[in-house]
Peer 1: 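Can you read through this structure? Questions will come right after.
All chains are named by letter (A, B, ...) in the order of the sequence lines, taking the proteins before the strands, and each is independently numbered beginning at 1.
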Amino acid sequence: MAMTGVLRPGHAQMRVLDLEESVKFYSDVVGLVETGRDKQGRVYFKAWDERDHNSLIIRQADKPGLDFFAFKVDSKATLEKLDADLIAFGVKTERIPAGELLETGERVRFPIPTGHVIELYAEKTDVGNGQPYVNPEAWIPAAEHGIAPTRFDHGLLYGPDIDGAREIFEKVLGFYVVERIVLEDGKTDLAIWLSCSIKAHDIAMVRHPEPGKLHHVSFLLESWEKVLRAADLMSINRVKIDIGPTRHGVTRGTTIYAFDPSGNRFETFCGGTSGYPDQQPIKWTMEDVGRGIFYHDRALNDTFLSVVT
Amino acid sequence: MSYYTVTIEDTGESYRASEKQTVLDGMAMLGKKGIPVGCCGGGCGVCKIEILSGSYTKRVMSREHVSVEDEANNRVLACRVWPTSDLRLRVLGKMNKNLCRDNAAVSEGSCL
């Protein structure tokens, strides 16, 4: 098997200011499927076509933002190996017992130098995508409820030491850099896009003075037409759109950035190039950073670098 | 529907505000360039203002940007407050910088 080790972004836990308002938003506007609630009051969702029990968890708090971002690994043996590798690399890890998150196995949790908390886990209950594993249909009614992304795709994190974080992802977890934006000095990265698969990116980071900030979590759509449909649904529901529909130069993905009711940015993303670990990273310079981020506007909007939770 | 007058002390401008419209949307609809409309959900903190006089209703906003003391002293996020009387306000932080500069590049639109 070619794809081993870390497989994909598996779940993210986010804070919201008003739980029930946010449950309604993620259920009916984003079109995720609610899959459970736990004793702590957290609410669990998955995209309709995902098979594992949950990919987005929200909890009520007095400030929005990201609690943690997790990747699924291919086996318990890999989880043990990566935990040992992280410790050997000087990363402080802790174990979160199985069941602390609903239908989720033991997690290895660790901080990265951007101030974020990352988790790895090997097990999450397969609840299916609403279709049988024998002779399924192409889609189900949930595929048309709200924006209805097919999966949780990636995240963009803002924090200070993206170089230190990159080292952990590259040297320990087997990620590779797909694209980067280099500052005027010609060597310092403003932003990096990393993949653990053939996706255009599984996680991205932007250098930013405040630690632990969330720029966005992203959900995958199947076509540009569905991105336009998502924009219609955002207007119908008076969702604040940050920018789009448009295309990124970086990744070449089509996109809308918008905000949830607590001001957490999310993306509806489609397409994007494929990457392979033998390919050299694409570099963007500050002269062309506008085209890199927003390919049609060819300029950053005021909020891209300043509005985070 | 009730309407009130909202006065922005920093610039002396005022506008007719609907009780159904957040203070931020009212300010953005003034057409003044550079009003930083951020997340519109009380999360990012760019639209922080201080209400100097008048009454308003509010919704929950991030403690990271509005402390208990701030809230008690009418320092709030414009995207989460609605006027219930005439208001006088001044802008704080990032919004102040944008509102008071002459050639702000772009308006960021409104929350709606």
Peer 1: Check this for me: does any side-chain nitrogen of one of B:Arg90 and B:Glu50 sit under 4.0 Å from a carboxylate oxygen of the other?
Peer 2: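 The answer is yes: the pair qualifies as a salt bridge.
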
Peer 1: Are A:Glu94 and A:Ile96 close enough that some pair of their side-chain heavy atoms sits under 4.5 Å apart?
Peer 2: yes

Peer 1: Are B:Asp70 and B:Lys48 close enough for a salt bridge, meaning some N to O gap below 4.0 Å?
Peer 2: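 The answer is yes: the pair qualifies as a salt bridge.
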
Peer 1: Is it true that A:Arg229 and A:Asp232 have a side-chain N and a carboxylate O under 4.0 angstrom from each other?
Peer 2: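 No, A:Arg229 and A:Asp232 are not salt-bridged.
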
Peer 1: If every non-hydrogen atom of A:Ile162 is compared with every non-hydrogen atom of A:Leu190, which pair is closest and at what distance?
Peer 2: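 Minimum heavy-atom separation between A:Ile162 and A:Leu190: CD1-O, 3.7 Å.
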
Peer 1: What residue, out of A:Ala61, A:Ala258, A:Gly263, A:Ala299, has the most heavy-atom pairs lying under 4.5 Å from chain B?
Peer 2: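 Most heavy-atom pairs within the cutoff with chain B belong to A:Gly263.
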
Peer 1: Between A:Thr309 (side chain only) and A:Pro64 (backbone N and O only), is there a donor and an acceptor less than 3.5 Å apart?
Peer 2: no

Peer 1: For the candidates A:Ile243, A:Asn264, A:Leu17, which exhibits the highest count of non-hydrogen atom pairs separated by less than 4.5 Å from chain B?
Peer 2: A:Leu17

Peer 1: Please classify the contact of A:Gln60 with chain B as side chain, backbone, both or neither, using a heavy-atom distance under 4.5 Å.
Peer 2: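 Neither part.
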
Peer 1: Between A:Tyr295, A:Tyr257, A:Trp284, which is the residue that forms a ring-ring contact (aromatic ring centres under 6.0 Å, His included) with A:His248?
Peer 2: A:Tyr257

Peer 1: For residues B:Tyr56 and B:Asn74, is any side-chain donor paired with an opposing acceptor at under 3.5 Å?
Peer 2: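 There is such a pair between these side chains.
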
Peer 1: Is the shortest side-chain N to carboxylate O distance from A:Lys46 to A:Glu34 below 4.0 Å?
Peer 2: no

Peer 1: Taking only residues at least two apart or on different chains, which pairs with a member in residues 60-69 of chain A satisfy salt bridge (charged side-chain N to carboxylate O under 4.0 Å, His left out)?
Peer 2: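 Only A:Arg15-A:Asp67, A:Arg59-A:Asp67, A:Lys63-B:Glu64 qualify under salt bridge (charged side-chain N to carboxylate O under 4.0 Å, His left out).
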
Peer 1: Taking heavy atoms only and a threshold strictly under 4.5 Å, list by residue number the residues of residues 81-89 of chain B that touch chain A; give 'none' if the list is empty.
Peer 2: none

Peer 1: Per the salt bridge (charged side-chain N to carboxylate O under 4.0 Å, His left out) rule, what does the pair list look like for residues 249-268 of chain A, sequence neighbours excluded?
Peer 2: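 Sorted pair list: A:Asp242-A:Arg265.
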
Peer 1: Taking only heavy atoms into account, what residues of residues 36-43 of chain A are found under 4.5 Å from chain B?
Peer 2: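 Heavy-atom contacts from residues 36-43 of chain A to chain B are absent.
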
